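Everything below concerns the one structure shown next.
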Amino acid sequence: MNTPADSVSHTPAISAQAEMVTVRAGLPWWRLLARDPLALCAAVWLAFLLVCMLIAPMFLGKAANDMNLLARNLPPWSLDKGWLMILGSDSLGRSILARLLVGAQNTLSVAFAAVVLAMLIGGALGLIAGYVGRGVGNLIMRLSDVIQGFPSLLLAVIVLYMLEPRVANLIIVLAVTRIPSYLRVTRAEVLEIRSRGFVDAARAMGAGRTHILWRHIVPIVAPTLLTILTVDFAIVMLSESGLSFLGIGIQPPEITWGLMVAQGRKHLSNAWWLAFFPGLMIMITTLAANLLSNWVRLITDPVQRWRIEAPKAAATNA
Amino acid sequence: MRGFKLHQPFVTAASVAALTTIAAMATLAPSTAYAQRTITIVLPEEPDSLDNCNSARSAVGRVIRQNVNETLIELDPNDSTLKPRLATAWKQVDATTWRFTLRRGIKYSDGTPLTPEAIASSFDKALSPKLDCNARTKMFSGFPIKVQKVDDTTIDIITPRPDPILPVRMTTLTVGYPKEPIRVMNNSVGTGPYMIERYTANSEIVLKRNPHYWGKPPQLDGARYVWRKESAVAAAMVRVGEAHIATNITHEDAKDAKTDFAYPNSETNYLRIESLVPPFNDKRVRLALNYAVNRTALHGSIIPKQAQIATQMVIPRIAGHNHALNKQRYEYSPERAKKLLAEARAAGVKTDTPIELICRINQWENTTETCEAIMAMYTAVGFNMKLKMLEVSLWNQHNAHPNKGPHTPGADANLKNRGPVLLGHMHDNNVGDPIFSMFPKYGCKAQTSSHCIPDLDKKIEQAAQTPNGPKRTKLWEETMAVVHNEALDVFLFHMVGFARVSPKINFVPTAATNSEVLLEQVTFK
Amino acid sequence: MLAYLTRRAVHSVIALTGLVIAVFFLARLTGDPTNLYLPPEASREAREEFSRKHGFDRPATEQFARFVGDVLDGNLGFSLKKQRPAVEVVLEAYPTTLKLAAVTLLIAISLAIAVGALAAYRPGRVFDRVGSTGSLIGASAPDFWVAITAILLFAESLRWLPTSGTGGFPYWVLPVTVLALRPFGLLVQVVRGAMMDALASAYVKTARAKGVAERSVIFVHALRNALLAAVTVAGDIAVGMINGAVIVETVFGWPGVGKLMIDAVEQRDFAVIQASIMITAAAIFLMNILIDLLYVALDPRIRHQ
């Protein structure tokens, strides 16, 4: 027991056993979530934002746009002007709290729509590239090379100069820049799965191409894509704010957090809260997405899943 | 024991990481030291070239104008009067000829003497249609001038048409080096107190003393120019002593009364009305647009308090600015705006026509905030308005092709069929004569004019042909009054810029600081 | 191996051609530069003359044909803004960005391997929690916001570091740190994951069972895996770094190619956009091939395939 090698050798052994037992037991995902406090917090935060997205514009839409030039840049943590001003007011005297909650809708729907669009297009192209003949596959891969050769921020800037900076255009631009990662992963997985026995078996039993694609390949590829989706969600949110910094993202009167940070940065030296709170929202939300993505990766990975399912065993043996 | 052994590999790994970091950092270039009595100036953007022919562009002018390349005549930024520089006297000989007497004994920084031929050659290059130099496109487009030598210190400038204000025009044209190739360069040579020592593209420009300068040697040995896009960074550089002057910072960053100066920058912002299309062709609607804007609320909040509420296109120091109008301002009155709109509606004007308020991103400090606020004010009195913030190129399409009704010339089909637009705009007349404002904005024939009132058009033409003097001034004042009374545009503010100046030096920013920074006026305390 | 390299090179050339076509037409769709290069009051004749002189009045296909001809002659065009050959403008800006990216990448990778490996060694413990969450927090903040705040804090208030610009060691601290945050956050995750897989893998178990010293288990077996994982994503990270460089160069006033590209789009300086993207893309493709080679060198299993 004194040699270093001995002291750690338990862990993998336990893991293998744990895997055998618990994966078969198949704890439901919410019980797994409850066992990981960080991932749980992340999920709760994202759920809270989802609620904001749906109801905040209805109740706070007016408060978010009501300006008062006599109450500009009010500092936070004061209830004198009502609870809406608890986080202070912006350079036009609008409630920062209301704008954050209402802005959640644009910010999150842009990011969400962009990654889902990228996943659907990238995934579909990846399936085709991997499953259909070489010619089409090659063509698709070269297209993906072209997008990857383009620095994504620059592509977005060019397209937004070409089109007007509307929400829909922003979603399309951000989606296009994210397509290659889904495409490559899907294709790689499809190529790998195709070489496995069960696909050959299915084909031998007379299953059609679409049947094999939908029943055998998609279910295996999907979890990986979902993991990328959560990571990309974070990347896209940050890209959106970067575009606002460069002055070409979504434009007022629309509200997004990125736009709020970009507009507030002029006041960083005298009214820090204008840029701080929206920046914090972006940071927390991005972090939540990343944490959740780690967790998804963990539970979908049979080798590592035991770490959540058998925390006590792991803790005592590690 | 166990813990130690286990972690040792990581300690090694971490040390390797730390060592690579240090090694990587050590290969970086060492910092450069600068001589005494030089200052560092932070500009908002890099000059696109350092050619004399582009000195009328503010980004270029801030570095070389009057420092490296001088004009024949200088414009006093405080009262718009003309002062001799390379020319000591000038007079009109006939309708199309002006005679200039040159200062004697002037040499370029390489020792070449300044001759009439040199001036002719340098102007030929700057105004050559082969180049798109700002010198030509700003003031001399379609107005080719010819330089003729009279004797060694006298030249005649011949204009294609009679031009009573040629001397004012000449204040924009700097004299460059003779016999330069017809292409834009980065090593302008001139007669000014300084010369370019080096220009490191993307990084810095250094000026040093011109040993052959004709005037009194200035105190500074030289200057270094750098550029930072973020105002906060530029301001911080002066604060911590990395730089001495930051020429353009935002008023949010200019909070220190000891170091931060406001200067009028000859810019006027306004909303351009398309007075030839409904519902803007109704005067009541145009008046309502003016009464609905609460300029006093914007003033001192989003717009710096040092700015001035505007009633006309040109700034107060320009001869022709109608001072009486400032007492007849359209004061904020939503009730009046609503009443005027109701009257227009009763008379059959479609006051609910959707109107686009189009502003250009970052055209002035807080453009977005200003336009958002104005948009809210218009909605409050009952206009059916939508705000659109556009990037410069898209905005320019609207600017260059105002909707003049069904016969809008030269516009794309999609611009022809659009509804009425209220265009957020900023006009900069730093030359000092109203002709450069009034013709392009209100002349019937001007491409960018969104108006056409035949009487006003005639008056502008008449004023343009009148020689400098009280009569010309009075005519211009009358044109300002017509524009104001007809409420053809919504004037907002005569704007100011802000500069931060290090307490170690003496320098007072002026109205010209936006387009030139005279190093000869800077001294160490 | 040679066949593989040839194939990759051919693919890269195809993609580069596609990219050039895309850039050429996309750039021209962003609008006519005439309005930006002539003063707003310029007459219609002056505008038409400008368009004619620079060929903007010709159909896009004709402009493209001329461009292709020029490129084949080795001429990447003339910068409208700088009035100089575009290649010259782009190549001047390159060294700055390359140095910045190389230093940042080196630091991000070495630190991430150290932190990620240590975190993976004792998953769930304090160091793992702090290290992996902390690196994520850094990677989750908008970079321009971090950059400006850092300048106000470390340069203006505390006066520890210079505000901006280029120069010796102190000038590199803030830009490199800001630029490294995101790749570091991502790399820590990747390395940690790979390291955990490796430590649980059969060959590490075998090595341990054979009594191989723990140090060599970690260095020779597990860390190589982590390195492999880091190399796999290094390509993506390097591409992403160009985005970061745009922001960092803009805020810190660094004369690099990221800022140049954005400015060129803003100014509709088509030749510079084309030249900078072509050179950048060529560099990216070349780097991807190098990464593949490095991958092969690190992983013997691939060599046999």
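Here the structure is a predicted model, which is why all the values come from computation and not from measurement. The basis for the numbers below is simple: all heavy atoms, side chains too, and nothing from hydrogens, waters or symmetry mates.
Using cut-offs of 30° and 60° on the angle between ring planes, the pair C/W160 and C/F154 is tilted. Ring pair B/H425/B/Y270 is parallel by interplanar angle, where below 30° counts as parallel and above 60° as perpendicular.
Heavy atoms of C/K81 lying under 4.5 Å from chain B belong to its backbone as well as its side chain. When heavy atoms are compared at a cutoff of 4.5 Å, C/A93 approaches chain B by way of both its backbone and its side chain. Only the side chain of B/N186 has a heavy atom closer than 4.5 Å to any heavy atom of chain C. Heavy atoms of C/Q267 lying under 4.5 Å from chain B are absent altogether. The contact between C/T30 and chain B is made entirely by backbone atoms, counting heavy-atom distances below 4.5 Å. Looking at C/F144, there are no atoms closer than 4.5 Å to chain B (heavy atoms on both sides), in backbone or side chain. For B/R239, the parts sitting under 4.5 Å from any heavy atom of chain C are the backbone and the side chain alike.
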Run the ring-ring contact (aromatic ring centres under 6.0 Å, His included) test on C/F56 and C/F270 for me, step by step, so that the C-alpha distance in whole Å, both residues' side-chain angles and the decisive distance to 0.1 Å come before the verdict. CA-CA 11 Å; C/F56 299 138; C/F270 299 147; 5.8 Å; yes
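Tested against B/C133 for a side-chain contact (heavy atoms from CB on, under 4.5 Å), the candidates B/N52, B/V60, B/V184, B/L127 yield a single pass: B/V184.
The pair B/E204-B/R198 meets the salt-bridge criterion, with a side-chain N (NZ, NE, NH1 or NH2) lying under 4.0 Å from an Asp/Glu carboxylate O.
Crowding of B/N362 atom CG: a count of heavy atoms from other residues, nucleotides or ligands under 6.0 Å not exceeding 12. Counting heavy-atom neighbours within 6.0 Å of B/R183 CZ, excluding the residue itself, gives a total of 12 or less.
When each of B/P129, B/A235, B/A446 is checked for heavy-atom pairs under 4.5 Å with chain C, B/P129 comes out on top. Of the residues considered (C/G165, C/G256, C/P170), C/G165 shows the highest number of contacts with chain B, using heavy-atom pairs under 4.5 Å. By number of non-hydrogen pairs under 4.5 angstrom with chain C, the leading residue of B/E242, B/R57, B/E391, B/E45 is B/E242.
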